J.: 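Pasting a structure below so you can have a look.
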Amino acid sequence: MILRSKVAVVYGGGGVIGGAAARAFAGAGARVFLAGRSPEKLDAVARDIVAAGGKAETARVDALDEDAVNRHADKVVAEAGSIDIALNAVGFFHVQGVPLASLSLADYSYPVEAYTRTNFITAKAVARHMVREGAGVILMLTTPAAKMVGPGFLGHCVACAGVEAMTRHLAGELGADGVRVLCLRSHAIPEAVTRGSHSRDVFRQVALPAGMGIDEMLAGAAEGTLLKRLPRLAEIANTAVFLASEQAGAMTGTVVNLSCGMSVD
């Protein structure tokens, strides 16, 4: 198991993507600490991990609350001795769907503030401990919106671009201390859209005005990729495990493109 004896913190660990990554981390041998705002969802993921023979603990933590995130990181280190891996799977996709002339400052600012803030807060909280240990991996998530052009989703596009820029900056700042920072850029994941209430609501708000159902919109999104399909949940989770492992030890500051070719660097 390539993550044996590692300690992983997953923010948004009760969500579809965060939960899948947490299960994959545990399956690879890591002790997993799940943090999020829904105790019921966190407990469900933890039960799956424990039932499969893994180790998981949960805590209600709002990733927008810097003090709460810091306290949780300190508690994890006090209990487990270190934080080796941190994944921020907290998402803030905010439907705007309007051009610049009609876009309010509040609607523009919300995704930019929320998405970049949680990544900043969580990265800073765990980096304190990782730098002291001289090792660690910080993983962030983004979408192809960072590379999109066209009207309707300016705030989300800027937020994703900001997270990718943060990945590069933190990799440069923390690399000499043994900390790697990476970003997974994923297109829409059908399992997340159909199983995750937030993702489903987001896609419904986009699909309905266009006169489409969610399945039809996902099919159209798949057709717009080079591979003519969308990424699978297991592909995201397994890539996170690889990036967190010593097998990817030479990788940092990289945005790993899992968009099935919707965006190409």
Side-chain angles (χ1 to χ4, degrees), residues 1-15 17-19 21-39 41-43 45-47 49-50 53-90 116-141 163 166-167 169-184 237 240-246 248-249 251-252:
M1 292 190 286
I2 62 175
L3 299 182
R4 185 185 299 277
S5 301
K6 300 295 185 181
V7 177
V9 178
V10 180
Y11 300 99
I17 299 174
R23 294 182 187 94
F25 287 151
R31 179 180 177 182
V32 180
F33 287 80
L34 302 162
R37 296 191 295 187
S38 172
K41 292 180 179 180
L42 295 172
D43 289 344
V45 176
R47 284 194 298 271
I49 290 173
V50 172
K55 297 179 180 179
E57 297 164 58
T58 67
R60 191 183 187 283
V61 180
D62 184 346
L64 289 167
D65 184 337
E66 184 175 20
D67 290 338
V69 172
N70 284 334
R71 287 194 300 269
H72 178 255
D74 293 344
K75 182 179 179 181
V76 171
V77 172
E79 292 184 10
S82 67
I83 296 175
D84 303 299
I85 303 157
L87 167 66
N88 183 359
V90 178
T116 57
R117 177 173 172 166
T118 63
N119 279 283
F120 170 80
I121 288 173
T122 56
K124 184 178 179 181
V126 300
R128 295 179 293 128
H129 300 289
M130 292 177 174
V131 166
R132 187 168 58 245
E133 294 294 323
V137 182
I138 298 172
L139 301 175
M140 303 181 184
L141 298 178
V163 171
M166 190 182 302
T167 297
H169 176 88
L170 293 182
E173 183 172 338
L174 301 174
D177 294 308
V179 180
R180 297 189 293 116
V181 187
L182 298 127
C183 183
L184 291 81
V241 169
F242 167 70
L243 294 176
S245 75
E246 293 180 1
M251 296 178 65
T252 193

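FYI, side chains are in, hydrogens and waters are out, and symmetry mates aren't considered; it's all heavy atoms of this structure. This is a predicted model, so every value here is computed, not measured.
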J.: Are any of the side-chain heavy atoms of M130 and L174 separated by less than 4.5 Å?
T.: no
J.: Ignoring hydrogens, what is the shortest heavy-atom contact between A30 and A8? Give both atom names and the distance.
T.: CB-CB, 4.3 Å
J.: Test your reading of the model: is there a side-chain donor-acceptor pair from S245 to the backbone of L3, 3.5 Å cut-off?
T.: no
J.: Checking side chain to side chain contact (heavy atoms under 4.5 Å, CB included) between V32 and each of V7, I85, V10, which is the one that passes?
T.: V10
J.: Between L170 and A123, what is the shortest heavy-atom contact and its length?
T.: CD1-CB, 3.8 Å
J.: Should we count CZ of F242 as having more than 12 external heavy atoms under 6.0 Å?
T.: yes
J.: Does any non-hydrogen side-chain atom of L243 lie less than 4.5 Å from one of V137?
T.: no
J.: Are the side chains of Y11 and L87 in touch, meaning some heavy atoms are under 4.5 Å apart?
T.: no
J.: State, with a plain yes or no, whether a side-chain heavy atom of R31 is found less than 4.5 Å away from one of E79.
T.: yes
J.: Ignoring hydrogens, what is the shortest heavy-atom contact between T122 and A63? Give both atom names and the distance.
T.: CG2-CB, 4.3 Å
J.: Hey, what do you get for CG (L141) to SG (C183), rounding to the nearest 0.5 Å?
T.: 7.0 Å
J.: Counting N and O atoms only, with roles assigned by atom type, does the side chain of R23 sit under 3.5 Å from a partner on the main chain of V45, one being a donor and the other an acceptor?
T.: no
J.: Indicate yes or no: at least one non-hydrogen side-chain atom of N70 is less than 4.5 angstrom from one of R128.
T.: yes
J.: When rounded to the nearest 0.5 angstrom, what distance separates CZ in R47 from OG1 in T58?
T.: 10.0 Å
J.: With rounding to the nearest 0.5 Å, note down the distance linking CZ in F25 to CG in D84.
T.: 11.0 Å
J.: Taking only Lys NZ, Arg NE, NH1 and NH2, and the carboxylate oxygens of Asp or Glu, determine whether E66 and R117 approach each other closer than 4.0 Å.
T.: no
J.: Measuring from H72:NE2 to I83:CD1, what's the distance to the nearest 0.5 Å?
T.: 7.5 Å
J.: As a test of understanding, state which of V69, D62, L64 forms a side chain to side chain contact (heavy atoms under 4.5 Å, CB included) with T118.
T.: L64
J.: Quick one: does D177's side chain have a donor or acceptor within less than 3.5 Å of a partner on V179's backbone?
T.: no
J.: To the closest 0.5 Å, what do you measure between CG (L34) and CG (L42)?
T.: 6.0 Å
J.: Taking CD in E246 as the centre, count heavy atoms belonging to other residues, nucleotides or ligands within less than 6.0 Å. Is the count above 12?
T.: no
J.: Regarding H129 and E133, is there a side-chain donor-to-acceptor distance under 3.5 Å anywhere?
T.: no
J.: First locate atom CD1 of I138, then atom OG1 of T167, and finally report the distance between them rounded to the nearest 0.5 Å.
T.: 9.5 Å
